[in-house]
Amino acid sequence: MAYLKPDQPEKVYVPALRPAKERGEKLACLTAYDYPTARIVDEAGVDIILVGDSMGNVIHGYGNTIPVSLDEILSATKAVKRGANRALIVSDMPYGSFHTGDNKAVSNALKLLKYGGAEAVKLEGGRNRVGLVKRLVDEEIPVMAHIGLTPQSVHKLGGYRVQGKTTDDAQRLIEDAKMLEEAGAFAIVLELVPREIAEIITREVKISTVGIGAGPSCDIQVLVLHDLIGFTFGRQPRFVRQYANVSKVITDAISEWMDDVRSGEYPNESESYGMPEKVKLDELISTSAR
Ligand code: KIV
């Protein structure tokens with residue numbers, strides 16, 4: 001299904017997001033970290049692909065996003081870029097890539113655009129990142145901000161919990177969203193915040209809100225693809241709706257293949273190659289016996 005109006009260019013660019021919000025059109029964003037999933041997600045019509053640092057949990061098995069490196073995001077972005085034609089490609093700035101000074105952060109973001117093919121970057125943080133967001137936007141780098149639960153702060157937060165549950169915290173989130181909009185961000189991820197707060201922020205800012213565990217009011221919904229298709233391990237957060245069980249599909253396929261290998265049923269004649277008839281196998285055998 002195409003989400004943008006037919007009079008808009010088929011490729012999704014950052015400027016298409018605001019009119020979509022104004023029309024009340026909901027957009028869809030999914031993660032991808034490699035060529036085949038990027039192709040599938042893009043061809044399915046998803047509007048935005050996030051090369052997220054959730055790859056730390058999902059494909060590298062690190063247990064959290066802290067160890068993810070810029071090189072890992074860069075390599076994934078290149079693969080995603082090769083697989084996606086239409087979706088806007090946003091690459092995450094991993095932990096450590098924007099924490100040691102704005103010049104270093106700009107240079108790292110530039111790498112994602114220049115060598116990876118990203119069309120925007122995402123970075124976690126509220127008012128503490130306003131200066132950096134301004135700087136990146138000044139350098140022609142579109143920025144998606146990210147507030148609420150920011151998984152790169154897991155050690156400071158002491159876990160993955162819903163954020164903005166007191167009046168003060170909620171007020172702070174609303175202010176952060178406005179400050180990030182003012183700084184030039186084109187969208188803001190709202191992760192794990194009460195739906196009422198997401199609704200207020202979505203109403204109060206002109207830029208798009210991108211919700212994950214933030215209720216239905218957000219302009220864009222984002223999920224980790226592997227959660228949606230059931231290709232992860234362990235308990236899922238309550239906001240995940242699992243639409244398939246890919247782990248089971250893979251396990252069943254492997255089991256069937258192993259049964260066929262063990263019974264000698266795989267590979268059969270059409271799955272292997274024969275010698276051309278002109279080669280006399282008898283001669284071959286007698287030659288090799290000499
Ligand atoms: O890394 C990621 O996939 C994200 C989304 C969950 C928003 O940050």
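Predicted model, so just to flag it, every value in this text is computed and none were measured. Only this structure's heavy atoms are used, side chains among them; waters, hydrogens and symmetry mates stay out. As the structure lists them, so they are numbered: ligands from 1, and atoms in each ligand from 1.
Looking at D252 and K248, a side-chain N of the basic residue comes within less than 4.0 Å of a carboxylate O on the acidic one, giving a salt bridge. Taking a cutoff of 4.0 Å between a charged side-chain nitrogen and a carboxylate oxygen, R127 and E182 do not qualify as a salt bridge. With respect to E139 and R135, a salt bridge is recorded, a charged nitrogen being found less than 4.0 Å from a carboxylate O. We find that K206 and E181 are not joined by a salt bridge, their nearest charged nitrogen and carboxylate oxygen being 4.0 Å or further apart. Using a cutoff of 4.0 Å between basic side-chain nitrogens and carboxylate oxygens, D42 and R86 are not scored as salt-bridged.
In terms of protein heavy-atom proximity, atom 3 (O) of ligand 1 is closest to S54 OG, 2.5 Å. For atom 6 (C) of ligand 1, the closest non-hydrogen atom on the protein side is I212 CD1, 3.6 Å.
Looking at T31 next to ligand 1, no N or O pair under 3.5 Å apart turns up. Checked against a 3.5 angstrom limit, the closest N/O atoms of D92 and ligand 1 fall inside it.
For the ligand labelled ligand 1, residue H146 lies inside the 4.0 Å heavy-atom shell.
Only the side chain of K122 comes within contact range of ligand 1, with a heavy atom under 4.0 Å; no backbone atom does. Of the heavy atoms in L50, only side-chain atoms (C-beta onward) come closer than 4.0 Å to ligand 1.
Those atoms of ligand 1 with a heavy atom of G52 less than 4.0 angstrom away are 1 (O), 2 (C), 3 (O).
Between K104 and N108 there is a side-chain heavy-atom pair separated by less than 4.5 Å.
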